[in-house]
Structure formats: C-alpha cells, structure tokens
Amino acid sequence: MKILLLTNQLAVYAGSEVQILELYRYFKAKNDVVHVYANVFGRPVVQHFAAADLIGNIDDIDVSEYDLVWSQHSLFSRLFKHKQTGKQRISESANQRISESTNRQIKFFIENHFSTFVAI
C-alpha cells in the first residue's frame, strides 16, 4: 500500500508526533511506501524518518496516489486549498474530487484531531 501521513510538526516529542512515528514504523515494517508531510521538521524527531519519505511542500502532494491518508491537525483540507481541476474550482467532497479527476478513490481516510501543541 501507499500511505500518506499528515501532521503539523515533527520536531518536538509530543503526542501526535509519537503517533506519526509509530504509524510510520508500523507501515515501513510491512514494506509499505510511506510519505510524511509536516509543516515543520526538526531534531530530534525528524532523525527517525528517512529523508526520501518526507514531504515539506504540501503542493507537491497528489492525494490520488495514496491508498490510505492519515491526517492530524485538520491538514487534509489543505491538500485541496487553491487547487483546481481543469477550469473548475474544486468544491465537492475530497473523494468525489479525486474520483472525477483521476478515476481513483482513496481506500481509507482517517482524520485524527489533536489540540494544538503548546510548550509549558
């Protein structure tokens, strides 16, 4: 399977970062192709990921390539912000948009909400 993991940051060890790391390791151990997008990458967390698996620009992601998308911090909607299908602005549900433009649907989509990280 081809997996896309989306999270806010991979720099500081916190709940969502540990969860993404655990998912990454699980799917890699199953020999799945795993890509990880984050708004921010940094040490120490980023050292646990292969550089080739990291995506730093959300505009480089074609969500239709993935079988499973795991999104944290409501990042999934950003995949469609300002993107267009032909001349028509995308405005329908994510799977329907993907289906119309690529004839392929995501098999699984998981949205996991975490509250914003604040260092105390």
Side-chain angles (χ1 to χ4, degrees):
M1 276 198 338
K2 192 166 182 183
I3 315 294
L4 175 62
L5 305 176
L6 306 167
T7 194
N8 185 47
Q9 63 94 10
L10 289 174
V12 178
Y13 290 112
S16 63
E17 294 71 30
V18 171
Q19 185 169 46
I20 288 292
L21 178 57
E22 290 173 345
L23 289 165
Y24 177 78
R25 287 178 172 171
Y26 171 79
F27 288 118
K28 291 297 275 189
K30 292 179 49 138
N31 294 315
D32 290 322
V33 174
V34 184
H35 293 137
V36 180
Y37 168 81
N39 290 313
V40 177
F41 293 104
R43 290 186 168 272
V45 177
V46 74
Q47 67 192 3
H48 299 287
F49 298 85
D53 294 337
L54 301 177
I55 300 171
N57 183 349
I58 202 159
D59 292 329
D60 293 339
I61 298 171
D62 179 355
V63 73
S64 68
E65 294 179 5
Y66 296 93
D67 301 303
L68 183 147
V69 176
W70 177 285
S71 176
Q72 298 181 168
H73 305 289
S74 302
L75 289 176
F76 185 74
S77 62
R78 289 197 53 214
L79 292 171
F80 301 97
K81 188 176 182 181
H82 307 301
K83 292 190 178 184
Q84 296 183 2
T85 302
K87 296 179 183 178
Q88 183 179 22
R89 194 153 197 69
I90 296 173
S91 62
E92 300 168 17
S93 71
N95 253 344
Q96 189 170 354
R97 287 178 275 186
I98 294 164
S99 178
E100 290 174 359
S101 63
T102 65
N103 294 323
R104 184 168 187 274
Q105 291 188 349
I106 297 171
K107 293 178 183 174
F108 300 100
F109 168 72
I110 301 165
E111 170 64 36
N112 190 3
H113 174 73
F114 282 95
S115 57
T116 305
F117 172 77
V118 177
I120 299 175

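Along the sequence shown, residues are numbered consecutively beginning with 1. FYI, side chains are in, hydrogens and waters are out, and symmetry mates aren't considered; it's all heavy atoms of this structure.
- Contact between Pro44 and Ala11 at its shortest, heavy atoms only, is CD-O, 3.0 Å.
- The structure places CG of Leu21 at 15.5 Å from OH of Tyr26, a figure rounded to the nearest 0.5 Å.
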Could you walk me through whether Ile20 and Trp70 pass the side-chain contact (heavy atoms from CB on, under 4.5 Å) check? CA-CA 9 Å; Ile20 288 292; Trp70 177 285; 3.9 Å; yes
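- Sequence neighbours left out, not one pair with a member in residues 33-51 passes salt bridge (Lys or Arg N to Asp or Glu O under 4.0 Å).
- For the pair Gly56 and Phe41, the tightest heavy-atom approach, listed with the atom from each and the gap, is CA-CE1, 3.8 Å.
- Scored by the side-chain contact (heavy atoms from CB on, under 4.5 Å) test, Asn57 finds Asp59, Asp60 as partners (sequence neighbours excluded).
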Residues His73, Thr7; criterion side-chain contact (heavy atoms from CB on, under 4.5 Å); working and verdict: CA-CA 6 Å; His73 305 289; Thr7 194; 3.6 Å; yes
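- No chain of hydrophobic side-chain contacts below 4.5 Å, direct or via other Ile, Leu, Val, Met, Phe, Trp or Tyr residues, connects Val40 to Ile55.
- Between the CD atom in Glu17 and the CD atom in Gln72 there is a gap of 7.5 Å [rounded to 0.5 Å].
- Residues satisfying the side-chain contact (heavy atoms from CB on, under 4.5 Å) test with Ala50, not counting sequence neighbours, are Tyr24, Asp53.
- Remark: Ile3 engages Met1, Leu5, Phe27, Asp32, Val34, Leu68 in a side-chain contact (heavy atoms from CB on, under 4.5 Å) (not counting sequence neighbours).
- Scanning all heavy atoms of the two residues, the minimum distance from Ser64 to Asp62 falls at OG-OD1, 2.6 Å.
- Across every non-hydrogen atom of Leu6 and Val69, the tightest pair is CD1-CG1, 4.0 Å.
- With sequence neighbours excluded, the residues satisfying side-chain contact (heavy atoms from CB on, under 4.5 Å) with Lys2 are Val33, His35, Glu65, Tyr66, Asp67.
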